[in-house]
Amino acid sequence: MRLSRHLRLVFVVAVLVPCAVLAVLSVRSLGREEAFLEKRLAQSLDAELTYAVALVRENLGRIEELLSASAPADPGSDPRAAFAAWKKAAPLVGVPFLLDSDFRILWPTRTAYLDAADLSFLNWNREFISDAAAIPFYQNAALLYRDQVTGGGGDQGTAEKLMAANPGEVKGESKKDAAQRAEAPVMMQMKVGAAAPAATAEKDAGDKLAAKSKIEDVRAEQQALSEFEQSDAARKRVYDEAARMGQKAETRNVRPAGGAPAPSPASAAPRTESIYISEPRRFSEITAGREAGLIPRFIEEKLGWLFWKRLPSGRIVGCRLDDGSAKAALLARLPDVYSPARILTFLDENGRPLVTPAGQEGRDWRRPVAAREVSEILPRWEAAAYATDPGALASRARATRYLTILIILAMFVVILSGGTVVLATVRSEMALARQKTTFVTNVSHELKTPLTSIRMFSEMLKDGRQPDPDKQKKYLGLMASETERLTRLINNVLDFSRMEKGRRAYARKRFDLGALVEALVESERTRLEPAGFSVVFHDGAESSVVEADEEAVKQAVLNLLSNAEKYSAGVKSIEVEVGREGGTVCVDVKDRGIGVPPAEREKIFREFYRVDTTLTAPVRGSGLGLTIARRILRDLGGDVSFAAREGGGSVFRISLPEAGRP
């Protein structure tokens with residue numbers, strides 16, 4: 001039976017289409033698996049990088065504090081001895097210098113004896129520290145242009161609004177410097193108030209206001225930094241505003257992976273802009289309004305640092321930091337560089353690692369999994385993290401990809417199999433429903449045919465329309481045969497119902513199966529031979545005693561004989577043979593009927609099933625005869641099987657175990 005058109009459409013729409021869509025979506029996601037794993041690793045490493053950057057910034061503060069605390073308070077007119085003591089007390093000091101309040105260089109000067117380091121310092125820094133030339137000054141763009149980051153910027157730029165709000169501000173002063181300068185009177189007021197009990201209430205109010213303002217400012221800064229990192233639009237607004245103000249956006253030395261595919265060698269890597277921007281500033285502009293600090297200074301693409309401190313006399317004392325000591329101090333107390341999962345290091349201004357684990361010399365340091373810029377004082381420096389095994393992510397992605405493909409295939413097979421089973425079940429139920437409908441029709445016909453014959457012969461005998469005693473006897477025999485046929489049909493229906501409910505009981509006893517079959521064949525002969533059948537019985541078993549339910553076995557044999565009768569359309573021949581094979585008694589019912597196609601040979605034992613061909617369609621039947629025969633024999637420890645008969649026809653074999661000796 002073929003599936004109906006609507007059922008096939010439901011199968012395609014409900015099963016195949018969702019499976020195909022799911023498979024396509026899953027396969028498309030597999031291509032991004034490695035990027036996803038890389039991004040997730042980057043997120044987990046970012047916390048370590050944030051902590052490492054915080055430690056370096058803390059070390060920067062320690063360096064500034066150490067140099068400020070150890071700097072000579074009054075170097076005098078000849079600072080050699082004071083500077084020698086300073087260098088001894090602070091190994092961070094490289095080349096000291098001293099400036100007058102108007103930025104005139106007091107030390108080192110070419111009038112004194114200078115070593116090579118002093119001369120190099122003057123050659124590179126004379127114009128800057130004497131306020132004759134400007135150098136790039138670095139600021140955090142996200143904080144400087146906080147309004148543009150958060151979308152609050154208007155027509156007037158943040159830097160311009162800052163100048164307008166603080167008319168006393170020195171030109172070029174950063175927002176952070178302006179905030180510190182603005183807070184100075186408040187801090188002074190707090191100190192004075194501590195010594196004046198009469199101003200306690202006013203002091204407390206000022207403290208609370210200052211603390212609240214600082215908390216709000218910190219929150220705003222954190223929000224600006226977060227939005228700057230996450231929003232391309234915010235970064236564009238900031239860089240556009242910085243360009244309008246004449247400031248330059250720096251370029252990072254690394255391109256963090258972050259889940260993005262690596263550029264091909266043939267293509268130019270896209271520019272990665274730094275969070276720090278620069279603009280030219282003179283020494284006086286950088287130091288205005290402040291007491292001390294560190295200034296980053298690039299000389300021939302090499303980063304160094306200048307420390308300066310304003311003395312009470314107005315003069316400025318400072319030094320160029322010793323590179324080796326400064327880097328050692330900056331990288332002190334950092335987390336372990338190497339672990340089985342990751343490598344964490346710092347890259348200098350040229351993208352080279354400041355600490356390199358053994359065996360990692362050939363790594364591409366410009367392509368970390370995650371990276372963070374460090375500070376305005378350390379421009380172009382990066383805290384960078386790498387996977388210890390660069391191929392681990394790709395290997396894991398491949399394993400995940402293969403596993404996902406297997407899961408998709410398994411799910412596809414399961415869904416397809418489940419859908420097929422469901423459709424097969426629906427198909428089977430529909431076929432069963434049709435068979436039950438056909439069964440009712442056939443049973444009605446099967447009941448009607450013998451009843452019609454019985455009624456006709458009984459009326460003829462009752463009315464005395466047949467005076468011939470021989471014919472009367474024949475009519476009575478036919479009536480008895482039809483009655484037996486009717487009884488068998490009703491018993492089949494009742495037995496099938498009891499079997500379905502598991503209620504049929506068997507009365508087992510010992511009897512001779514050959515004798516039982518012979519008696520049944522002889523009783524049917526009187527009905528079959530007048531209908532043109534040739535009936536042959538042969539008992540080739542020396543002993544055919546079995547232990548079973550005699551009436552149940554009788555019903556099974558009669559069902560097979562009835563089946564042979566129905567499907568013998570051409571050659572009407574029925575042969576019944578009793579034999580033995582090993583410890584089994586066999587009864588073969590043979591006919592020369594239409595036979596059974598190979599594909600239908602197991603189906604014929606299903607309830608209500610009938611081979612629906614042009615040969616069998618005209619034959620009436622309930623479709624239960626073979627089903628009941630097999631169930632009876634299997635319940636009794638035997639079976640019913642089918643085989644094609646040589647020369648055409650069918651052979652149905654009943655087999656029962658031979659009974660043991662009593």
A.B. asks: Heavy atoms only: give me the nearest Val369-Ala387 pair and the separation to one decimal.
C.D. replies: CG2-N, 3.7 Å
A.B. asks: Please give me the minimum heavy-atom distance between Lys572 and Gly532, naming the atom from each residue.
C.D. replies: CB-O, 3.5 Å
A.B. asks: Spell out, as yes or no, whether a donor-acceptor pair under 3.5 Å connects the side chain of Arg592 to the backbone of Gly648.
C.D. replies: yes
A.B. asks: Between Tyr567 and Asp591, do the side chains contain an N or O donor and an N or O acceptor separated by less than 3.5 Å?
C.D. replies: no
A.B. asks: Ile632 vs Gln555, test: side chain to side chain contact (heavy atoms under 4.5 Å, CB included). Steps then yes/no.
C.D. replies: CA-CA 9 Å; Ile632 288 174; Gln555 181 181 0; 3.8 Å; yes
A.B. asks: With a 3.5 Å distance limit and no angle check, can you tell me whether Thr272 reaches the backbone of Arg252 through a side-chain donor-acceptor pair?
C.D. replies: no
A.B. asks: Please lay out, stage by stage, how Val546 and Phe511 fare under the test side chain to side chain contact (heavy atoms under 4.5 Å, CB included).
C.D. replies: CA-CA 6 Å; Val546 296; Phe511 62 92; 3.7 Å; yes
A.B. asks: Would you call Glu459 and Arg455 a salt bridge, taking side-chain N to carboxylate O under 4.0 Å as the test?
C.D. replies: yes
A.B. asks: Go through Arg645 and Glu575 one step at a time and tell me if the salt bridge (Lys or Arg N to Asp or Glu O under 4.0 Å) criterion holds.
C.D. replies: CA-CA 12 Å; Arg645 188 178 183 185; Glu575 295 182 24; 3.1 Å; yes
A.B. asks: Between Ser544 and Gly514 (side chain of the first, backbone of the second, donor and acceptor by atom type, cut-off under 3.5 Å), is there such a pair?
C.D. replies: yes
A.B. asks: Taking the side chain as every heavy atom from C-beta outward, state whether Thr345 and Trp365 have any pair of such atoms under 4.5 Å apart.
C.D. replies: yes
A.B. asks: Could you tell me whether Glu551 and Lys509 have a side-chain N and a carboxylate O separated by less than 4.0 Å?
C.D. replies: no
A.B. asks: In Å, rounded to the nearest 0.5 Å, how long is the span from CD of Glu550 to CG of Asp512?
C.D. replies: 10.0 Å
A.B. asks: With rounding to the nearest 0.5 angstrom, report the OH to CG distance, Tyr386 to Leu45.
C.D. replies: 11.5 Å
A.B. asks: Answer yes when Glu565 and Arg527 have at least one side-chain N-carboxylate O distance shorter than 4.0 Å, and no when they do not.
C.D. replies: yes
A.B. asks: Treating Arg342 as the side-chain partner and Val337 as the backbone partner, does any N or O pair qualify as donor plus acceptor under 3.5 Å?
C.D. replies: yes
A.B. asks: Hey, are the side chains of Tyr338 and Leu344 touching, using non-hydrogen atoms and a 4.5 Å cut-off?
C.D. replies: no
A.B. asks: Any side-chain heavy atom of Leu520 sitting closer than 4.5 Å to one from Glu524?
C.D. replies: no
A.B. asks: Output the distance between atom CZ (Phe605) and atom CZ (Arg631), rounded to the nearest 0.5 Å.
C.D. replies: 13.0 Å
A.B. asks: Looking at Asp549 and Arg508, is any side-chain nitrogen of the basic one under 4.0 Å from a carboxylate oxygen of the acidic one?
C.D. replies: no
A.B. asks: Any chance you could measure Arg525, atom CZ, to Phe533, atom CZ, to the nearest 0.5 Å?
C.D. replies: 13.0 Å
A.B. asks: So which atom in Ala383 and which in Val53 form the shortest heavy-atom distance, rounded to 0.1 Å?
C.D. replies: CB-CG2, 3.6 Å
A.B. asks: Please lay out, stage by stage, how Leu561 and Val589 fare under the test side chain to side chain contact (heavy atoms under 4.5 Å, CB included).
C.D. replies: CA-CA 7 Å; Leu561 290 172; Val589 179; 4.1 Å; yes
A.B. asks: Does Arg255 offer a backbone N or O that forms a donor-acceptor pair with the side chain of Arg367 under 3.5 Å?
C.D. replies: yes
A.B. asks: Is any side-chain N of the basic residue among Glu229 and Arg372 closer than 4.0 Å to the acidic one's carboxylate O?
C.D. replies: yes
A.B. asks: Tell me if a side-chain donor or acceptor on Ser562 pairs with a main-chain N or O of Leu558 at a distance below 3.5 Å.
C.D. replies: no
A.B. asks: Can you tell whether the side chains of Glu227 and Arg235 come within less than 4.0 Å, N to carboxylate O?
C.D. replies: no
A.B. asks: So Ile454 and Thr483, do their side chains get closer than 4.5 Å, heavy atoms only?
C.D. replies: yes
A.B. asks: Just do the side chain to side chain contact (heavy atoms under 4.5 Å, CB included) check on Leu656 and Val553 with the steps written out, would you?
C.D. replies: CA-CA 10 Å; Leu656 278 171; Val553 174; 3.9 Å; yes
A.B. asks: Compare every heavy atom of Ala371 with every heavy atom of Glu382, then report the nearest pair and how far apart it is.
C.D. replies: OE1-CB, 3.8 Å
A.B. asks: Where is the tightest heavy-atom contact between Leu334 and Ala52, given as atom of each residue plus distance?
C.D. replies: CD2-O, 3.9 Å
A.B. asks: Please confirm whether the backbone N or O of Ser339 pairs with a side-chain atom of Thr388, one donor and one acceptor, at under 3.5 Å?
C.D. replies: yes
A.B. asks: Between atom CZ of Arg580 and atom SG of Cys586, what is the distance when rounded to the nearest 0.5 Å?
C.D. replies: 10.0 Å
A.B. asks: Side chains of Leu560 and Leu626: does their closest heavy-atom pair fall under 4.5 Å?
C.D. replies: yes
A.B. asks: Ignoring hydrogens, what is the shortest heavy-atom contact between Gly351 and Asn253? Give both atom names and the distance.
C.D. replies: N-ND2, 3.7 Å
A.B. asks: Say you draw a straight line from CG of Asp639 to CD1 of Ile654; how long is it, rounded to the nearest 0.5 Å?
C.D. replies: 10.0 Å
